[in-house]
Amino acid sequence: MTDYLLKQSKRDDIEQIIQWIKTKEELFSWGGPKMRWPIELDSFCDDIKLNELQSYSLFEQGLLVGFGQFYQRLNHAHLGRIIVNPDYRGKGYGKVLIEKLCQASKQQLQLNSNSLFVLNDNTAAKSLYAKLGFRKKAYPEPIPIPNCVFMIKN
């Protein structure tokens with residue numbers, strides 16, 4: 001059995017994660033409309049609110065394979081900025097990352113459900129979230145990103 005470790009992200013982790021994002025479009029899809037391009041470490045850390053939000057890195061045998069954040073939104077433990085190292089996509093790391101983020105966020109925030117946003121055309125992520133029990137739900141206000149879906153898991 002493989003040992004996975006979810007731990008609070010450090011700047012060294014962020015330096016690696018930056019390398020996973022190759023285009024302005026990828027940055028927007030992953031981080032939202034307030035992310036600055038080109039990517040620079042200091043502005044990136046500010047844009048993702050590294051020191052304000054719960055930010056976690058997933059490691060397998062010392063290798064950084066994923067990243068995600070969470071915070072409280074509409075009484076849900078809301079997951080955001082979820083990314084898996086491109087070299088390891090399609091190998092089950094996304095599932096492990098989401099499960100560990102859900103567990104940690106519910107425990108730390110003392111909430112009973114998780115939520116997230118996903119772009120409609122990100123079919124791989126939408127499929128994974130559905131398999132993990134997330135269901136599409138109407139969002140109570142306009143979503144600032146076009147073509148975006150709100151999902152909840154109780």
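Values reported hereafter were calculated over all heavy atoms of this structure, with side chains retained and with hydrogens, waters and symmetry mates removed.
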For residues 100-127, which residue pairs pass the ring pair (Phe, Tyr, Trp, His ring centres under 6.0 Å) check, not counting sequence neighbours? His78-Phe117, Phe117-Tyr139, Phe117-Phe150
Strictly by side-chain hydrogen bond (donor to acceptor under 3.5 Å, both in side chains), give each pair with a member in residues 32-49 just once, sequence neighbours left out. Arg11-Asp42, Arg36-Asp47
Worked verdict on Arg81 versus Leu53 for side chain to side chain contact (heavy atoms under 4.5 Å, CB included): CA-CA 11 Å; Arg81 297 195 180 101; Leu53 300 181; 4.0 Å; yes
Within the supplied structure, the quantity of interest is the number of heavy atoms (other residues, nucleotides, ligands) at a distance under 6.0 Å from Gln103 CD; does it exceed 12? no
Show the nearest heavy-atom pair for residues Leu111 and Ala77, with the distance to one decimal. CD1-N, 3.5 Å
How far apart are the closest heavy atoms of Leu6 and Leu101, and which atoms are they? CD2-N, 4.1 Å
Quick one: side-chain hydrogen bond (donor to acceptor under 3.5 Å, both in side chains) partners of Tyr71, sequence neighbours excluded? Arg73
Show the nearest heavy-atom pair for residues Val84 and Arg89, with the distance to one decimal. O-NE, 2.8 Å
Sequence-distant partners of Pro140, side chain to side chain contact (heavy atoms under 4.5 Å, CB included), two or more places apart: Leu74
Results of ring pair (Phe, Tyr, Trp, His ring centres under 6.0 Å) for Trp20 - residues two or more places apart only: none
Might you work through the side-chain hydrogen bond (donor to acceptor under 3.5 Å, both in side chains) test for Ser29 and Asn122, ending with a clear yes or no? CA-CA 9 Å; Ser29 294; Asn122 190 344; over 6 Å; no
Write down the atom of Phe134, the atom of Cys102, and the distance for their closest heavy-atom approach. CZ-SG, 3.9 Å
Begin from the C-alpha positions of Leu116 and Phe70 and carry the test side chain to side chain contact (heavy atoms under 4.5 Å, CB included) through to its verdict. CA-CA 9 Å; Leu116 51 79; Phe70 59 81; over 6 Å; no
Considering residues at least two apart in sequence or located in another chain, which fulfil the side chain to side chain contact (heavy atoms under 4.5 Å, CB included) criterion with Thr23? Glu25, Glu26
Could you work out, with side chain to side chain contact (heavy atoms under 4.5 Å, CB included) as the rule, every residue matching Asn154, not counting sequence neighbours? Ser113, Ile152
Who are the side-chain hydrogen bond (donor to acceptor under 3.5 Å, both in side chains) partners of Ser57, not counting sequence neighbours? Ser9, Asp13
What residues, two or more places apart in sequence or in another chain, satisfy salt bridge (Lys or Arg N to Asp or Glu O under 4.0 Å) together with Glu99? Lys95
Qualifying salt bridge (charged side-chain N to carboxylate O under 4.0 Å, His left out) pairs, either residue in residues 119-141, two or more places apart: none
Shortest non-hydrogen contact from Ser105 toward Leu79: OG-CD2, 3.9 Å
Side chain to side chain contact (heavy atoms under 4.5 Å, CB included) partners for Gln8, two or more places apart: Gln54, Tyr56
The complete set of ring pair (Phe, Tyr, Trp, His ring centres under 6.0 Å) pairs with one or both residues in residues 87-110, sequence neighbours excluded, reads Tyr88-Tyr93
Show your working on side chain to side chain contact (heavy atoms under 4.5 Å, CB included) between Phe59 and Val65 and close with a plain yes or no. CA-CA 6 Å; Phe59 292 87; Val65 295; 6.0 Å; no
Hey, mind stepping through Ile82 and Val118 against side chain to side chain contact (heavy atoms under 4.5 Å, CB included) and telling me if it holds? CA-CA 10 Å; Ile82 299 161; Val118 61; over 6 Å; no
Does Lys100 make a cation-pi contact with Tyr4, if we ask for NZ or CZ under 6.0 Å from the ring centre and within 45° of the axis? no
Provide the closest heavy-atom pair for Ile83 versus Ile21 in the form atom of the first, atom of the second, distance. CD1-CG1, 4.0 Å
